[in-house]
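Structure first, then comments.
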Number of protein chains: 2
Amino acid sequence: MGVSILVVDDEQSIADLIEVYLKNEGFKVCKFYNGQDALKCIMSEQLELAILDVMMPDIDGFTLCQKIREKHNFPVIMLTAKEEEIDKITGLTLGADDYMTKPFRPLELVARVKAQLRRFTKYNASEPFREEKLIEFSGLVLNKDKHVCTLNEKPMALTPTEFSILWVLGSNRGRVVSSEELFHEVWGERYFINSNNTVMVHIRHLREKMHDSAEHPKYIKTVWGVGYKIER
Amino acid sequence: MGVSILVVDDEQSIADLIEVYLKNEGFKVCKFYNGQDALKCIMSEQLELAILDVMMPDIDGFTLCQKIREKHNFPVIMLTAKEEEIDKITGLTLGADDYMTKPFRPLELVARVKAQLRRFTKYNASEPFREEKLIEFSGLVLNKDKHVCTLNEKPMALTPTEFSILWVLGSNRGRVVSSEELFHEVWGERYFINSNNTVMVHIRHLREKMHDSAEHPKYIKTVWGVGYKIER
DNA sequence: TTAATATATTAAGAAAATCTTAAGGTTTTA
DNA sequence: TAAAACCTTAAGATTTTCTTAATATATTAA
């Protein structure tokens, strides 16, 4: 039985996106496209965390957050509009434990969710934010702190973008990551207007540096019509 | 016996929220919803840090800060409104050591509090905390007490800012420190509005004094798109 | 097999980040 | 108070990285 997370966003595509990512991490997701339904859920269900969009037509996220706070103290993460518009809602997100501005990186949201849950469950957490800092597999080591990468103990110089891409693929080993998703994670944009060729070029550079080929890749494999993946 | 922190905000929910987070970290919290009561506390209590909201009906945060500065020099963190409005009040935050704009992430505030306390205790040698006073590596010795530096036994004159930067990099050997982080550690203020060029110029001066080059640096290495680092 | 679609490769120009230099302003020191 | 030391800013140069666009190759489906 997993942890239950409430997700509320009137933009269905976003709510759906979040749902996919959270389910992928083994969370139980209660998803709603409006505040009314979410409110019922808050009253009846046993929840461990809530992700609320601030701007919603019927009941806004702030009100929802207040409702939650009347009875519960589990973590609440708010999704707010772009920075520019934040001044309109200044102070209102304060009941929340964390907030993210749209567009956001899905994996970052997942990381925040986990961080908040850690905090909440063991109510002492002296480390504010403990992210994964190291990825290791098949002779490849990625060290985020040092921003350094080695392949079979030999240093491999990577540009920032290359490092990011490899990091995303490496932390999703065994799963196919689409170009679009890669774009979200690395560039942080919600939609990628540019052709995905940019991603492709970076992939190529990565393969080159890893002495990998597109035909018989050892590391980054192409999954036709879907995306790229690194085996577990 | 923990560290005492003053928290003043007329928005009760915010003050309460901060209190929860600080207590969770083992701090002793003196919380007030108005300036008057806080003022009394400042006079009578032994405090180590203060978090003040700028906008308050009776006594605003600036005035409180001034009152504090008349007698104490412990760190003060201001909570201000949105960025745009800050320009108007830029000069006024001068008494403060750091400030955060609303809405903020509670965990970030906690991190800032800890950073300020670190800074403060460093300069108050009598404090119970025992910090590292000496850094030694690859022929470089930094002595914090004497604020003196030698390179291969030869004295190397450093300005205060240069010393601080080198200290931060030296005590984080092996890890990349972003310009933003450097700025925060050394200047203690919020991230620069202008450009990080100031940091860059200091880095250049440091390299010059260490007979280091930007192209093939022996000490301070540039990690593109991330920051600077000194190898372990 | 062929057309249609998806991915790869390449190289060059654009963009971004960093470096350098020097001048002017501020603070500290004598 | 003047001189010296220090810090910041600004502009342009340089380096590195990213994106674009054109072309090539591979895969799929008809």
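In what follows, every chain begins at residue 1, and chains take the letters A, B, ... in the order their sequences are listed.
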Please tell me if [X] has a side-chain N or O lying less than 4.0 Å from either OP1 or OP2 of [N].
X: A:Tyr228; N: C:dA8; result: yes
X: A:Trp187; N: D:dT19; result: yes
X: A:Thr222; N: C:dA6; result: no
X: B:Thr161; N: D:dC7; result: yes
X: B:Arg207; N: C:dC19; result: yes
X: B:His202; N: D:dC6; result: no
X: B:Thr159; N: D:dC7; result: yes

Length of the line joining B:Arg204:CZ and C:dT21:C1', which is rounded to integer Å =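 Atom CZ in B:Arg204 sits about 7 Å away from atom C1' in C:dT21.
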Look at the aromatic rings of A:Tyr219 and A:Phe137 and report parallel, tilted or perpendicular, splitting at 30° and 60°.
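Aromatic pair A:Tyr219/A:Phe137 classed perpendicular.
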More than 12 heavy atoms of other groups within 6.0 Å of B:Lys67 NZ: no
Check every strand shown and say whether A:Glu162 touches a base, only sugar-phosphate, or nothing at a heavy-atom separation below 4.0 Å.
nothing
Picking from C:dC19, D:dT17, C:dA22, the nucleotide nearest the side-chain atoms of B:Val201 would be C:dA22
